[in-house]
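To keep things clear, I will list the structure first and then write my remarks on it.
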Amino acid sequence: MPAAFSDPIWRKPQTAPAFQSELSAGGALDAVIVGGGIMGLSTALHAARAGLSVQVLDAGAIGQGASGLNGGQVIPGLKYDPEWLIEHFGKERGEGLVDFAASTADAVFDLIRDEKLAVPFTRSGWIQAAHTETALRAAADRDRQWRSRGADVKLLDRVEIAAMTGAKGYIGGWLDRRAGAIDPLSYTLELARIASAAGAKIAERQKVVKLARDAGLLRVAIQLGAELRAKSVVLATNAYTDGLLPGLAQTIVPLHSFQIATAPLPAELAASILPGGQAVSDSRRILVYCRKSADGRLVLGGRGRMTLPSSASDWAHLERALVRLYPALAGVTIEKRWFGRVAMTPDHLPHLHEPERGLLAVVGCQGRGVGLMSALGKRMASYLATGDIRRLPFPFSPIRPIPFHAFRQVGVATTIAWYRMLDAFER
Ligand SMILES: Cc1cc2nc3c(=O)[nH]c(=O)nc-3n(C[C@H](O)[C@H](O)[C@H](O)COP(=O)(O)OP(=O)(O)OC[C@H]3O[C@@H](n4cnc5c(N)ncnc54)[C@H](O)[C@@H]3O)c2cc1C
């Protein structure tokens, strides 16, 4: 990853094990997983438990990608609501996708509970805060669709949202009690620990540079010279996808998500902000999301510039958003500023590819991969173990590079500027 100014709030716990040199020796493996984020580690955990021999390789340290940098909001669902999924994918696949989408937060919290993971978390819900009447109508429709399926959700009016968030400017919203918030770096490292305990080998600082086919197996060449052979390879590189599989990087638009964290807030101030401990994302085109951390800071994030940040001023737009929502925080110290990459696809859905038998890739978290990739990794492991395509919630699609991908940076920057202006007009 290129060097840039970035100082995350999440710290590696002292108990986190080191995985530096766990490279499998000799023989052909069942699966090599490229990428040691939530997707790769969840796949590795469940594949190892299904009896497969598995090696995870990450170009950096475990948790150095988006998985250890994110906002830790565990939000069930996809960007689309149940009725859209059924209309778009047909009754059978659509219903399966709705059930999958509903289960993604459980995938995280069940694991934390069942495996007694050392992960700070709260599970008191996620609020989608509406800033316009149009957004509130969309929230009401979402509420109707999920409530009719028995989900623990609720539409919030102006008074309720003001009380639950303590924020200015929202006219209502939607509470999804299936959701919650975690410390994402602890979660990723704990996933790695239990995957390793289940038998998966995990190696850090092992960048995969080449894949080749050899007599029914895939050869995986690592930058430092080693080579592994496997029946299957899963590329779990998401927004950090490089040129390993031709065309794959051109199927996504990697965007930067920036975050800030205040100093721990005085008790009285902390009590007036998100008193119930919910996480929030709002309905703006360029959305703002926030939550409190276990040590009482407000953590707030949103889109950031496409080029690498170089100084604290690159986060100034988030400091302005913080004070707009919480005027009482004017003048509070911002102690941490950091960023990471999220992968968007043109249809806002994750994409699964298998361009040749055993060569698999998953990209496109849409900035919501904590629950999604946890659940998808389990399904991917099941597919690896059985070869049964019905285990996967999404169909495989061909690798289709986005036209004029090389110009995406200019296009995205222009779109973001335009959306920011529209959001400002709606204030
Ligand atoms: C700032 C920020 C805030 C976010 N907030 C939230 C949130 O609150 N809630 C939510 O659900 N989602 C959030 N997301 C999205 C979420 O973090 C991601 O969807 C999720 O972590 C993706 O996991 P992953 O395992 O697919 O990818 P990553 O965790 O990014 O892992 C990919 C890994 O692949 C490795 N890699 C790449 N190329 C190679 C190679 N050639 N060889 C070896 N290794 C390679 C990289 O080093 C990296 O570690 C956020 C993301 C960011 C950046």
Side-chain angles (χ1 to χ4, degrees), residues 1 6 8-10 32-44 55-79 104-105 107-108 126 179-185 187-188 191-192 202-211 220-224 233-245 248-249 252 254-261 279-281 287 289-291 299-304 315 318 337-344 350 361-377 380:
M1 233 177 290
S6 192
I9 183 182
W10 319 116
V32 165
I33 295 164
V34 186
I38 294 172
M39 179 64 207
L41 294 167
S42 174
T43 306
Q55 170 81 59
V56 177
L57 300 168
D58 198 288
I62 297 299
Q64 193 183 310
S67 296
L69 293 168
N70 63 65
Q73 302 199 3
V74 188
I75 307 168
L78 299 164
K79 291 276 165 166
T104 58
V108 175
W126 168 70
I182 58 167
D183 174 325
L185 182 59
Y187 176 65
T188 306
L191 260 185
I202 299 178
E204 299 182 309
R205 296 181 184 84
Q206 301 286 352
K207 183 177 162 85
V208 177
V209 288
K210 195 166 173 218
L211 301 171
V220 181
I222 304 170
Q223 198 170 38
L224 298 179
V233 170
V234 180
L235 297 188
T237 49
N238 201 41
Y240 295 89
T241 296
D242 54 17
L244 208 48
L245 184 57
L248 185 63
I252 55 165
L255 297 179
H256 282 166
S257 193
F258 279 36
Q259 290 188 87
I260 54 175
V280 181
S281 312
L287 66 82
Y289 54 93
C290 64
R291 57 165 290 186
V299 181
L300 180 139
R303 286 277 166 273
W315 281 261
L318 294 183
R337 297 170 177 84
W338 72 102
F339 78 106
R341 274 192 228 161
V342 299
M344 311 302 281
V362 181
V363 289
C365 68
Q366 322 298 321
R368 248 200 221 181
V370 176
L372 174 71
M373 295 312 201
S374 299
L376 202 48
M380 179 57 81

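Every number for a ligand or one of its atoms is a count from 1 in the order of the listing.
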For ligand 1, which atoms, with element, lie under 4.0 Å from some heavy atom of [X]?
| X | result |
| --- | --- |
| Ile38 | 25 (O) |
| Val370 | 9 (N), 10 (C), 11 (O), 12 (N) |
| Gln259 | 1 (C), 2 (C), 3 (C) |
| Val342 | 50 (C), 51 (C), 52 (C), 53 (C) |
| Leu57 | 43 (C), 44 (N) |
| Gly71 | 3 (C), 4 (C), 5 (N), 6 (C), 7 (C), 8 (O) |
| Gly65 | 29 (O), 30 (O), 49 (O) |
| Cys365 | 18 (C), 19 (O) |

query = CG/Leu78 to OG1/Thr104 distance, rounded to the nearest 0.5 angstrom?
reply = 7.0 Å
What do you reckon, does [X] put a non-hydrogen atom under 4.0 Å from ligand 1?
| X | answer |
| --- | --- |
| Ala239 | no |
| Gln206 | yes |
| Gly367 | yes |
| Ile75 | no |
| Tyr289 | yes |
| Gln64 | no |

[X] side chain to [Y] backbone, donor-acceptor under 3.5 Å:
| X | Y | value |
| --- | --- | --- |
| Trp10 | Asn70 | yes |
| Thr241 | Asn238 | yes |
| Arg291 | Gly71 | yes |
| Ser67 | Thr188 | no |
| Thr43 | Met380 | no |
| Gln73 | Cys290 | yes |

Among [options], closest by any non-hydrogen atom to [atom]:
| atom | options | value |
| --- | --- | --- |
| atom 42 (N) of ligand 1 | Ile62, Val208, Ile182 | Val208 |
| atom 53 (C) of ligand 1 | Gly340, Ala105, Gly37 | Gly340 |
| atom 35 (C) of ligand 1 | Leu191, Thr104, Asp58 | Asp58 |

Backbone or side-chain N or O of [X] under 3.5 Å from ligand 1 N or O:
| X | value |
| --- | --- |
| Phe258 | no |
| Thr237 | no |
| Ala66 | yes |
| Gly369 | yes |
| Val34 | no |
| Arg341 | no |

request  = Output, in order, the C-alpha distance, side-chain angles, deciding distance and verdict of side chain to side chain contact (heavy atoms under 4.5 Å, CB included) for Ile75 and Ser281.
outcome  = CA-CA 10 Å; Ile75 307 168; Ser281 312; 4.3 Å; yes
For Phe258, all residues meeting ring-ring contact (aromatic ring centres under 6.0 Å, His included), sequence neighbours excluded = Trp315, Phe339
request  = Might you work through the side chain to side chain contact (heavy atoms under 4.5 Å, CB included) test for Asp242 and Thr237, ending with a clear yes or no?
outcome  = CA-CA 8 Å; Asp242 54 17; Thr237 49; 5.7 Å; no
request  = Quick one: do Gln259 and Arg337 satisfy side chain to side chain contact (heavy atoms under 4.5 Å, CB included)? Show the steps, please.
outcome  = CA-CA 6 Å; Gln259 290 188 87; Arg337 297 170 177 84; over 6 Å; no
Would you mind writing out the side-chain donor-acceptor pairs for residues 55-62 within the sub-3.5 Å range, not counting sequence neighbours?
from	atom 1	to	atom 2	distance (Å)
Gln55	OE1	Ser24	N	2.6
Gln55	OE1	Ser24	OG	2.8
Gln55	NE2	Glu22	O	2.8
Gln55	NE2	Lys201	O	3.4
Asp58	OD1	Gly60	N	2.7
Asp58	OD2	Gly36	N	2.6

inquiry  = Set out, in order, the CA-CA distance, both residues' side-chain angles and the distance that settles side chain to side chain contact (heavy atoms under 4.5 Å, CB included) for Leu235 and Leu211, then state yes or no.
reply    = CA-CA 11 Å; Leu235 297 188; Leu211 301 171; 4.2 Å; yes
Part of [X] with heavy atoms under 4.0 Å of ligand 1, whether side chain, backbone, both or neither:
| X | result |
| --- | --- |
| Met373 | side chain |
| Asn238 | side chain |
| Asn70 | both |
| Pro184 | neither |

key: Ser42 and Met373, any side-chain heavy atoms less than 4.5 Å apart   = no
query = So do Leu185 and Pro8 actually touch side chain to side chain, heavy atoms under 4.5 Å?
reply = no
request  = Could you tell me whether Lys79 atom NZ has more than 12 heavy atoms of other residues or ligands within 6.0 Å of it?
outcome  = yes
